[in-house]
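Report on one structure; see the data block that follows.
Just follow the structure's listing: the first ligand is 1, and inside any ligand the first atom is 1. Residue numbers start at 1 and run along the sequence shown.
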Amino acid sequence: MNKNIAVIRGDGIGPEIVEQALVVLNKIAEIYGHIFSYTDVDMGGCAIDKYGDPLPQDMLEKCIKSDSVLLGAVGGDKWNNVSPEMRPEKGLLRLRAGMQVYSNNRPTKIWPQLADSSPLKKAILDKGIDFIIVRELIGGIYFGEHKTEVIDGENTATDILRYTESEIERIGRIGFETALKRNKKLCSVEKSNVLNSSRLWRSVMHRIADEYPEVELTDMLVDNCAMQIVRNPSQFDVIVTENMFGDILSDEASMITGSIGMIPSSSLGATTCGLYEPIHGSAPDIAGTDIANPIGTILSAAMMLRYSFDMTTEAQSIENAVFEVLDKGYRTADTMPSDKNESEKFIRIGCKECGKLIMNHLR
Ligand code: IPM
Ligand code: MG
């Protein structure tokens with residue numbers, strides 16, 4: 001197959017981790033006889049520096065016209081003082097909205113080899129951690145009105161959290177459909193004891209539940225969910241939630257698996273053109289030092305092959321290669337156990353070597 005992939009390297013560690021994902025994709029193309037061509041797209045701080053805009057319109061169009069987009073990470077302290085509309089993150093939000101990718105899928109799965117890096121007790125890990133957070137991505141407080149004004153002589157800031165029924169319904173359906181393909185348990189997470197938007201969320205979820213009789217739907221308040229994720233994560237199969245709750249819970253969930261550096265994500269809308277990115281940030285403090293973990297990005301590339309290009313075997317090949325590399329004891333800095341005696345059992349590798357090892361384990 002011929003596929004055109006828009007590649008956004010972004011800021012901080014973005015370029016290094018994306019480079020390793022491309023090393024892996026190129027090898028997949030070679031083994032399986034595909035042609036992947038890449039279109040470079042500037043977004044984030046680097047686009048602000050070049051064009052004075054975190055996502056110029058022609059860059060967005062390149063993404064929309066591609067078969068899918070692979071993204072590293074954007075942002076950094078350097079752009080902390082630009083106006084809110086011009087922040088690197090705004091480029092990312094405009095990209096998500098411009099591509100209409102409303103459904104963000106964030107898997108939380110414990111790699112058995114990394115159990116020692118998890119802050120959770122073994123007794124909790126032994127019950128298994130394997131769930132997916134389906135996060136609404138282009139609505140809610142991220143996209144409501146934002147303003148700062150002086151009221152009664154005082155600076156006053158407002159951010160509006162708004163959801164329409166149809167926005168809730170379309171992400172709700174993704175939640176149910178994801179659960180149907182897994183263990184048929186869907187937990188809808190909101191804050192309906194306080195927020196109107198959450199009460200609407202809960203009622204829409206229950207209205208559409210009738211159409212998915214095989215799925216067991218439960219409701220959970222977001223504060224309780226944050227607690228349950230560390231208390232008993234094995235209870236979850238699929239979590240569906242609104243944009244900001246999903247942002248927060250997915251960081252928490254990533255940590256219990258050992259490292260946020262391992263977690264990929266897919267974002268999809270009505271077409272197969274998706275956006276694939278690790279869930280971690282641009283980590284400017286370690287940029288250029290070759291210590292970043294490229295696995296979250298490499299696994300995002302695997303998700304692209306599976307969900308956008310229908311290349312299941314190829315995706316599995318990448319996931320197997322990651323498994324084998326971990327199994328042989330190779331660890332990037334973030335997945336090294338903090339205990340010195342423990343860490344001596346492992347082989348410390350950098351970002352480049354990690355990509356190369358995974359490439360060499362592809363079958
Ligand atoms: C994420 C990130 C982004 C978000 C930031 C960089 C805007 O934290 O993808 O989780 O909040 O969505
Ligand atoms: Mg986040």
Ligand 1 to Y142 polar contact by distance, N or O atoms, under 3.5 Å
yes
Going by atom types only, do T156 and E154 share a side-chain donor-acceptor pair under 3.5 Å?
no
Any Lys/Arg nitrogen of R207 or E169 sitting under 4.0 Å from an Asp/Glu carboxylate oxygen of the other?
yes
Taking the inter-plane angle between the rings of H34 and F36 on a 0 to 90° scale, is it parallel (under 30°), tilted (30 to 60°) or perpendicular (over 60°)?
parallel
Any chance the side chains of W79 and D11 put a donor and an acceptor closer than 3.5 Å?
no
Any N or O of R106 closer than 3.5 Å to N or O of ligand 1:
yes
For ligand 1, is R96 a contact, meaning one of its heavy atoms is under 4.0 Å away?
yes
E136 vs Y163, side chain to side chain donor-acceptor pair (under 3.5 Å): CA-CA, chis, key distance, verdict
CA-CA 10 Å; E136 198 292 324; Y163 269 107; 2.8 Å; yes
If the contact criterion is a heavy-atom separation under 4.0 Å, does H280 count as touching ligand 1?
no
Set of ring pair (Phe, Tyr, Trp, His ring centres under 6.0 Å) partners for F309, sequence neighbours left out:
none
Does atom CG of N81 have more than 12 heavy-atom neighbours from other groups under 6.0 Å away?
no
Per-atom filter on ligand 1: closer than 4.0 angstrom to a heavy atom of R135 are 1 (C), 4 (C), 9 (O), 10 (O), 11 (O), 12 (O)
Sorted by chain and number, protein N/O/S atoms nearer to the Mg ion (ligand 2) than 2.8 Å are D247 OD1
Identify the closest protein heavy atom to atom 2 (C) of ligand 1: which residue and atom is it, and at what distance?
D247 OD1, 4.0 Å
With Y307 via ring pair (Phe, Tyr, Trp, His ring centres under 6.0 Å) - residues at least two apart
none
Under-4.0 Å heavy-atom contact with ligand 1, by part of K90 that carries it:
neither
So, regarding E89 and ligand 1 (criterion: nitrogen or oxygen to nitrogen or oxygen, under 3.5 Å), is there a contact or not?
no
Can you list every pair that meets side-chain hydrogen bond (donor to acceptor under 3.5 Å, both in side chains) and has a residue in residues 237-248, with sequence neighbours left out?
R135-N243, Y142-D247, R182-D237
Between Q316 and R306, is any pair of side-chain heavy atoms under 4.5 Å apart?
yes
